[in-house]
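See below for the structure under consideration.
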Amino acid sequence: MVEVPVIDIFGEGSSTGKLIEIADEIVKAAKILYQNVWIVFDKDDFEDFDQAIQDGIRKGYRVAWSNQSFEYWLYLHFFYSDSALHRDEWNKKLDAIFEQYQLGDGHYHKNYENIYELVDTFDGVATAIKHAKRRMTGFNVQNCRPSEFDPGTMVYQLVEELKRYIDE
């Protein structure tokens, strides 16, 4: 039997580097010892994207980044793509998918509370993991900065870890 861990989620709308600082504050102030700290963010227009990833990893955090946006990760639940598109284009593509498959209210919105269930329609989570791994096979942190790997996402690593508990 797998013991289900306590999972705390903190949402912050901040720059990438600031998220590392906020994570530090949360970990230091916690009354429990966190075993795994994941920080999830996308590139957007932040100039400190690569530095934030390095800082987070150096501090022992796991970083589930997306370049250019989290919406690329969501798109991979339906289709594979290695096209470097602006985040607005990923939003438009998701809007068309949500309309086509009649997901939610037929339009993509950033903050659906049940986004996992919506994108897992047709086994989408497994599909996204497969697509993300395929895309990230070409990524080598020694030869390429995450900001240069467009599109790219490491969110699949976090989802794989969480699925160990969700699927129980």
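All heavy atoms count here, side chains included; hydrogens, waters and symmetry mates do not. Since this is a predicted model, take the numbers as computed values, not measurements.
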Next item on the list: Given salt bridge (charged side-chain N to carboxylate O under 4.0 Å, His left out), test Glu25 with Lys28 step by step and report yes or no.
Entry: CA-CA 5 Å; Glu25 292 169 11; Lys28 287 177 186 169; over 6 Å; no
Next item on the list: Say whether Val27 and Ile9 are linked into one hydrophobic cluster, either directly or through other cluster members, by side-chain heavy-atom distances under 4.5 angstrom.
Entry: yes
Item checked: Residues that Tyr156 engages under ring-ring contact (aromatic ring centres under 6.0 Å, His included), provided they are two or more places apart -> none
Notebook entry, point to check: Parallel, tilted or perpendicular: which fits the ring planes of Phe41 and Phe49, with parallel below 30° and perpendicular above 60°?
Noted result: perpendicular
Margin query: Would you say that Trp90 contacts Leu74 through its side chain, given a criterion of any heavy-atom pair below 4.5 Å between the two side chains?
Written below: no
Notebook entry, point to check: Can you list every salt bridge (Lys or Arg N to Asp or Glu O under 4.0 Å) pair that touches residues 125-136, not counting sequence neighbours?
Noted result: Lys133-Glu160
Next item on the list: Using a 4.5 Å cut-off on heavy atoms from C-beta on, say whether the side chain of Phe149 contacts that of Met136.
Entry: yes
Check: Counting distance only, does the side-chain N/O of Asn67 pair as donor-acceptor with the main-chain N or O of Lys43 below 3.5 Å?
Finding: no
Checklist line | Nearest heavy atoms of Leu118 and Gly104, plus distance in Å | finding: CD2-N, 3.4 Å
Notebook entry, point to check: In the single-linkage hydrophobic clustering (I, L, V, M, F, W, Y; side-chain heavy atoms under 4.5 Å), do Val40 and Phe46 co-cluster?
Noted result: no
Margin query: Is it the case that the side chain of Asp150 and the backbone of Ala84 share a donor-acceptor pair, with hydrogens and angles ignored and the cut-off at 3.5 Å?
Written below: no
Notebook entry, point to check: Do Asp42 and Ser69 get their side chains close enough for a donor-acceptor pair, meaning under 3.5 Å?
Noted result: no
Check: If we only count heavy atoms from C-beta on, is the Lys110 to Phe70 side-chain gap below 4.5 Å?
Finding: no
Check: Shortest non-hydrogen contact from Gly17 to Asp48?
Finding: N-OD2, 2.8 Å
Check: Is the number of heavy atoms from other residues, nucleotides or ligands within 6.0 Å of CD (Gln100) greater than 12?
Finding: yes
Notebook entry, point to check: Is the Trp65 to Phe139 ring centre distance short of 6.0 Å?
Noted result: yes
Next item on the list: First locate atom CZ of Phe10, then atom CD1 of Ile22, and finally report the distance between them rounded to the nearest 0.5 Å.
Entry: 11.5 Å
Checklist line | Nearest-0.5 Å distance, CG of residue Asp24 to CG of residue Asp55 | finding: 9.0 Å
Notebook entry, point to check: Rounded to the nearest 0.5 Å, how far does CD1 of Ile20 lie from CD1 of Ile57?
Noted result: 9.0 Å
Check: For the atom pair OH (Tyr108) and CG (Leu103), what is the distance rounded to the nearest 0.5 Å?
Finding: 12.5 Å
Check: Between Ile26 and Asp8, is any pair of side-chain heavy atoms under 4.5 Å apart?
Finding: no
Margin query: Return the CG to OG1 distance between Leu158 and Thr153, rounded to the nearest 0.5 Å.
Written below: 9.5 Å
Check: How about Glu47: does its CD atom have over 12 heavy atoms from other parts shown lying under 6.0 Å from it?
Finding: no
Notebook entry, point to check: What about Leu85 and Phe98, same hydrophobic cluster or not, with Ile/Leu/Val/Met/Phe/Trp/Tyr joined at side-chain heavy-atom distances under 4.5 Å?
Noted result: yes
Next item on the list: Using modelled atom types only, decide if a donor and an acceptor are shared between the side chain of Glu148 and the backbone of Arg145 within a distance under 3.5 Å.
Entry: yes
Check: Is a donor on one side and an acceptor on the other found under 3.5 Å between the side chain of His77 and the backbone of Val119?
Finding: no
Item checked: From CG (Leu162) to CG (Asn36), nearest 0.5 Å -> 9.5 Å
Notebook entry, point to check: Which pairs pass salt bridge (Lys or Arg N to Asp or Glu O under 4.0 Å) with one or both residues in residues 78-102, sequence neighbours excluded?
Noted result: Asp44-Arg87, Asp45-Arg87, Glu89-Lys92
Check: Short question: side chain of Ser81, backbone of Ser83 - any donor-acceptor pair under 3.5 Å?
Finding: yes
Item checked: Aromatic plane relationship, Tyr80 with His131 - under 30° parallel, 30 to 60° tilted, over 60° perpendicular -> perpendicular
Next item on the list: Kindly determine whether Tyr72 and Ser66 satisfy side-chain contact (heavy atoms from CB on, under 4.5 Å), including the steps that lead there.
Entry: CA-CA 7 Å; Tyr72 172 64; Ser66 290; 5.6 Å; no
